[in-house]
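Structure, as structure tokens:
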Amino acid sequence: QVQLVESGGGLVQPGGSLRLSCAASGRIFRLNDMGWYRQAPGNQRELVARITSGGSTNYADFVKGRFTISRDNTKNTVDLQMNSLKPEDTAVYYCYADIRASSVYRASRGYWGQGTQVTVSS
């Protein structure tokens, strides 16, 4: 099976920074797109940033210029550097990965981490 384990959440003041990390482990033949989503209370889960295996990135408009996503394909990890945090960034942040588990079958599927709480408050 595949596991995604996140770390790095916490409480930070407005204007501060946090770095989230996510490590994928288990039966992984190929790690395709990885990304971060978030969900605030009463809201739907929304995309924050995604990165392809080749390093192409995509950001939600509300984080452009403040957040940076990166990955290390040798370690099967994806990070999210969050700067200039705002109270509206408060949410549970989830790691996502599209993973092909088999060298025989081409199908891949999405996996989610358990989520890590980010709270931006003074």
Side-chain angles (χ1 to χ4, degrees):
Q1 289 298 325
V2 173
Q3 276 193 317
L4 299 180
V5 179
E6 301 129 333
S7 61
L11 173 64
V12 64
Q13 292 186 343
S17 298
L18 280 176
R19 187 175 184 89
L20 305 182
S21 295
C22 173
S25 63
R27 189 181 179 190
I28 300 172
F29 175 72
R30 180 167 295 154
L31 200 52
N32 299 318
D33 288 7
M34 301 185 78
W36 291 92
Y37 289 72
R38 71 186 188 186
Q39 187 168 17
N43 291 353
Q44 292 187 334
R45 192 172 297 188
E46 59 185 358
L47 171 70
V48 175
R50 284 178 74 124
I51 184 167
T52 69
S53 57
S56 296
T57 58
N58 180 39
Y59 294 94
D61 287 343
F62 52 78
V63 303
K64 284 182 180 177
R66 300 189 298 125
F67 292 9
T68 302
I69 190 170
S70 60
R71 65 188 284 171
D72 185 333
N73 291 331
T74 65
K75 298 179 181 178
N76 290 343
T77 59
V78 61
D79 291 348
L80 185 69
Q81 177 65 42
M82 305 186 293
N83 298 328
S84 302
L85 283 160
K86 305 175 181 180
E88 51 263 44
D89 293 319
T90 296
V92 177
Y93 283 70
Y94 295 91
C95 176
Y96 170 86
D98 182 74
I99 296 172
R100 176 180 166 183
S102 170
S103 62
V104 175
Y105 301 104
R106 294 187 176 185
S108 64
R109 57 155 287 191
Y111 293 85
W112 294 93
Q114 79 283 359
T116 185
Q117 177 70 46
V118 171
T119 302
V120 185
S121 175
S122 55

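Here the structure is a predicted model, which means the values were calculated and not measured.
The backbone N or O of S102 sits nowhere less than 3.5 Å from a side-chain atom of R106 that would complete a donor-acceptor pair. The closest donor-acceptor contact from the side chain of S84 to the backbone of G15 lies at 3.5 Å or more, if one exists at all. Of the possible donor and acceptor atoms, one in the side chain of R71 sits under 3.5 Å from a partner among the backbone N and O of T52. Here the side chain of E6 pairs a donor or acceptor atom with the backbone of G115 at under 3.5 angstrom. Side chain of Q3 to main chain of A24: no donor-acceptor pair is present (N/O by atom type, distance under 3.5 Å, no hydrogens or angles). Checking side-chain atoms of R100 against main-chain N and O of A107 turns up no donor-acceptor pair under 3.5 Å.
Heavy atoms of other residues, nucleotides or ligands lying less than 6.0 angstrom from CZ of R27 number 12 at most. Summarising the local packing, CD of Q1 is surrounded by 12 or fewer heavy atoms from other residues, nucleotides or ligands at distances under 6.0 Å.
Among residue pairs with one or both ends in residues 95-122, those qualifying as ring-ring contact (aromatic ring centres under 6.0 Å, His included) are Y37-Y96, Y37-W112, Y96-W112; sequence neighbours excluded. Applying the disulfide bond (SG atoms under 2.5 Å apart) test to pairs two or more places apart or on separate chains, those with a residue in residues 87-122 are C22-C95.
Residue F62 comes nearest to L47 through the heavy atom pair CZ-O, 3.6 Å, listed as atom of the first residue, atom of the second, then distance. Minimum interatomic distance between Y59 and T68 (heavy atoms only, all atoms of both residues): OH-CA, 3.4 Å.
Here the side chains of V78 and D72 are not in contact, with every heavy-atom distance at 4.5 Å or above. With a 4.5 Å cut-off on side-chain heavy atoms, T90 and E88 do not count as touching. Using a 4.5 Å heavy-atom cutoff, the side chains of L18 and L85 are in contact. By the 4.5 Å heavy-atom criterion applied to side chains, R109 and D98 are not counted as neighbours. Contact of the Q39 side chain with the Y93 side chain is not registered, since no non-hydrogen atoms from C-beta on lie closer than 4.5 Å. In this structure, the side chains of R66 and S17 stay at 4.5 Å or more apart for every pair of heavy atoms. Under the 4.5 Å side-chain criterion, counting only non-hydrogen atoms from C-beta, N83 is not in contact with F67.
Remark: the D79 side chain and the Q81 side chain contain no N/O donor-acceptor pair separated by less than 3.5 Å. In this structure, a donor-acceptor pair under 3.5 Å is absent between the side chains of S53 and N32.
In this structure, K86 does not pair ionically with D89, as no charged nitrogen and carboxylate oxygen lie closer than 4.0 Å.
No single ILVMFWY cluster, assembled from side-chain heavy atoms under 4.5 Å apart, contains both V2 and V5. If you chain together hydrophobic residues whose side chains sit under 4.5 Å apart, V48 and V12 fall into the same group.
Taking the centre and axis of the six-membered ring of Y94, the NZ or CZ atom of R45 falls inside the cone set by 45° and 6.0 Å.
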